[in-house]
Amino acid sequence: MDEIQKRFTERLKERGIDLNETQLEQFETYYKLLVEWNEKMNLTGITEREQVYEKHFYDSLTLAFYVNMKKVTSLADIGSGAGFPGVPLKIAFPHLKLCIIDSLNKRITFLKTLSEGLGLTNAEFLHGRAEEWGHKRGYRDSFDLVTARAVARLAVLNEFCLPFVKPEGIFAAMKGTDPTEEIADAQKSLRELRGEILGVEAFQLPFDESDRHIIRVSKFAITPYKYPRTPGLPMKKPLV
């Protein structure tokens, strides 16, 4: 274990997440595959190893500081890009049934290759739009926890993500800057999609000191069938 991995594991241990040797090897393999594939396609602007460990791996796992992952069986990550936060959470909590949905097939190809390289089981990677998958049986109203990291504003994310959450499940929107204005704009979408805000967690990454916020939304009833609307409409005409 080198200095970067040592700091990574120590910071996580302080928050109750213990990684074993196999999991650390998986994170290192993840880093190597990410950098390798990033030369062929645009997956991330962050490729320096220490930055990847903090701004991608550690940042992804901060969700587990505020949601009890032991009580979560199924996790859907919407618009995951290079796999954040879904794949780091799956590595740290192997019991999770993981589903990642992304609209770019090249990214799904990367994620499937990554999954094989990491030896992940009970994980699926789906190409398509959230607006389409959100109407499919087995995905709609089905997940304990749904997340999205820096994909869109909250009013839009609610329509992308809440249809996947089972009643009494949680949607967690992972944000950078203060989301107070987004939350104010999202009140109509919350009402329409049967969500209510449980809390907003504010913190900083330990080394970089970048601001981070996690908005936790509880879903109190099944999603009305008209949502999500047709692909593209949530972005063009958000529920505000």
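- Each of Phe160 and Phe125 belongs to its own hydrophobic cluster when Ile, Leu, Val, Met, Phe, Trp and Tyr are linked at side-chain heavy-atom distances under 4.5 angstrom.
- Surrounding CD of Glu168 are at most 12 heavy atoms belonging to other residues, nucleotides or ligands under 6.0 Å away.
- The side-chain heavy atoms of Thr147 and Ile214, taken from C-beta on, include no pair separated by under 4.5 Å.
- Looking at Pro206 and Tyr58, their side chains come closer than 4.5 Å, going by heavy atoms from C-beta outward.
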Checklist line | Trace of the side chain to side chain contact (heavy atoms under 4.5 Å, CB included) decision for Lys90 with Gln26 | finding: CA-CA 11 Å; Lys90 173 69 174 171; Gln26 287 176 306; over 6 Å; no

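- Taking CG of Leu104 as the reference point, atom CG of Leu111 lies at 10.5 Å (rounded to 0.5 Å).
- Formation of a donor-acceptor pair under 3.5 Å by the His213 side chain with backbone atoms of Glu201 is not found in this model.
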Notebook entry, point to check: Stepwise, does the side chain to side chain donor-acceptor pair (under 3.5 Å) test hold for Glu28 with Tyr53?
Noted result: CA-CA 9 Å; Glu28 188 61 20; Tyr53 267 82; 2.6 Å; yes

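- Electrostatic pairing of Asp141 and Lys219 counts as a salt bridge here, judged by a charged N lying under 4.0 Å from a carboxylate O.
- In terms of heavy-atom proximity, Ser60 sits nearest to Arg149 at OG-NE, 4.4 Å.
- The minimum heavy-atom distance linking Ala64 with Ile17 is given by the pair CB-CD1, 3.9 Å.
- A 6.0 Å sphere centred on NZ of Lys40 holds more than 12 heavy atoms belonging to other residues, nucleotides or ligands.
- The shortest distance between side-chain heavy atoms of Thr62 and Met174 falls below 4.5 Å.
- Under the 4.5 Å side-chain heavy-atom criterion for Ile, Leu, Val, Met, Phe, Trp and Tyr, Phe57 and Ile46 are members of the same hydrophobic cluster.
- Counted within 6.0 Å of CD on Gln187, heavy atoms from surrounding residues, nucleotides or ligands total more than 12; the atom is thus considered enclosed.
- Hydrophobic clustering (side-chain heavy atoms under 4.5 Å, transitive across Ile, Leu, Val, Met, Phe, Trp, Tyr) keeps Leu126 apart from Leu89.
- No side-chain donor-acceptor contact under 3.5 Å links Glu196 to the backbone of Phe220.
- Using a cut-off of 4.0 Å between Lys/Arg side-chain N and Asp/Glu carboxylate O, Arg7 and Glu50 are scored as salt-bridged.
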Note to self: With ring-ring contact (aromatic ring centres under 6.0 Å, His included) as the criterion, how do Phe27 and Phe8 come out once you've worked through the C-alpha distance, each side chain's angles and the decisive distance to 0.1 Å?
What the structure shows: CA-CA 11 Å; Phe27 276 113; Phe8 178 61; 5.2 Å; yes

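- The CZ atom of Arg129 sits 6.0 Å away from atom OG of Ser103, with the distance rounded to the nearest 0.5 Å.
- Ile222 and Leu145 are members of different hydrophobic clusters when ILVMFWY side chains are connected at heavy-atom separations under 4.5 Å.
- Open room surrounds CZ on Phe207; 12 or fewer heavy atoms of other groups in view lie less than 6.0 Å from it.
- Using a 4.5 Å heavy-atom cutoff, the side chains of Leu98 and Phe143 are not in contact.
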Next item on the list: Report the C-alpha separation of Lys70 and Phe93 in whole Å, then their side-chain angles, then the decisive distance to 0.1 Å, and conclude whether the side chain to side chain contact (heavy atoms under 4.5 Å, CB included) test is met.
Entry: CA-CA 8 Å; Lys70 291 176 183 174; Phe93 303 95; 5.8 Å; no

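- Using a 4.5 Å cut-off on side-chain heavy atoms (C-beta onward), Gln23 and Pro94 make contact.
- Here the side chains of His56 and Pro88 are not in contact, with every heavy-atom distance at 4.5 Å or above.
- Nearest heavy atoms, Ala130 versus Pro228: O-CG, 4.1 Å.
- Of all heavy-atom pairs between Thr113 and Trp37, the closest is OG1-CZ2, 3.6 Å.
- Taken together through direct or relayed side-chain contacts under 4.5 Å among Ile, Leu, Val, Met, Phe, Trp and Tyr, Leu96 and Ile78 form parts of separate hydrophobic clusters.
- With sequence neighbours excluded, the residues forming a side-chain hydrogen bond (donor to acceptor under 3.5 Å, both in side chains) with Arg212 are Asp59, listed by chain and number.
- The line from OG of Ser74 to CZ of Phe164 is 12.5 Å long, rounded to the nearest 0.5 Å.
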Next item on the list: Please test Asp2 against Arg49 for salt bridge (Lys or Arg N to Asp or Glu O under 4.0 Å), starting from the C-alpha separation and ending with a verdict.
Entry: CA-CA 12 Å; Asp2 65 14; Arg49 186 164 171 265; 2.7 Å; yes

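- In summary, the aromatic rings of Phe203 and Tyr66 are positioned with their centroids under 6.0 Å apart.
- Residue Met235 places its CE atom among 12 or fewer non-hydrogen atoms of other residues, nucleotides or ligands, all under 6.0 Å distant.
- No more than 12 heavy atoms of other residues, nucleotides or ligands shown are found within 6.0 angstrom of CD on Glu21.
- Within the model, atoms CG of Asn158 and CG of Leu190 stand 4.5 Å from one another, a figure rounded to the nearest 0.5 Å.
- Taking NZ of Lys166 as the reference point, atom CG of Asp144 lies at 4.0 Å (rounded to 0.5 Å).
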Note to self: Would Glu54 and Arg11 count as a side chain to side chain contact (heavy atoms under 4.5 Å, CB included) here? Give the steps.
What the structure shows: CA-CA 10 Å; Glu54 177 166 43; Arg11 288 170 186 156; 4.2 Å; yes

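- The residue from Ile101, Asp77, Val165 that alone fulfils the side chain to side chain contact (heavy atoms under 4.5 Å, CB included) condition with Val146 is Val165.
- Judged purely by atom type and a 3.5 angstrom limit, His127 has no side-chain atom pairing as donor or acceptor with the backbone of Asp102.
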Note to self: One pair to check against side chain to side chain contact (heavy atoms under 4.5 Å, CB included): Leu239 and Leu193. What are the steps and the verdict?
What the structure shows: CA-CA 10 Å; Leu239 296 170; Leu193 293 150; 4.1 Å; yes

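- Closest of all the heavy-atom pairs between Pro224 and Arg140 is O-NH2, 3.0 Å.
- Between Val72 and His95, the closest heavy-atom pair is O-NE2, 2.9 Å.
- Between the side chain of Glu131 and the backbone N or O of Gly232 there is at least one donor-acceptor pair closer than 3.5 Å.
- A 4.5 Å side-chain heavy-atom check between Glu181 and Arg153 finds at least one atom pair inside the cut-off.
- Taken from CD1 in Ile170 to SG in Cys161, the straight-line distance is 13.5 Å, to the nearest 0.5 Å.
- Two residues are said to be in side-chain contact when any heavy atoms from C-beta on lie closer than 4.5 Å; Val52 and Tyr30 fail this criterion.
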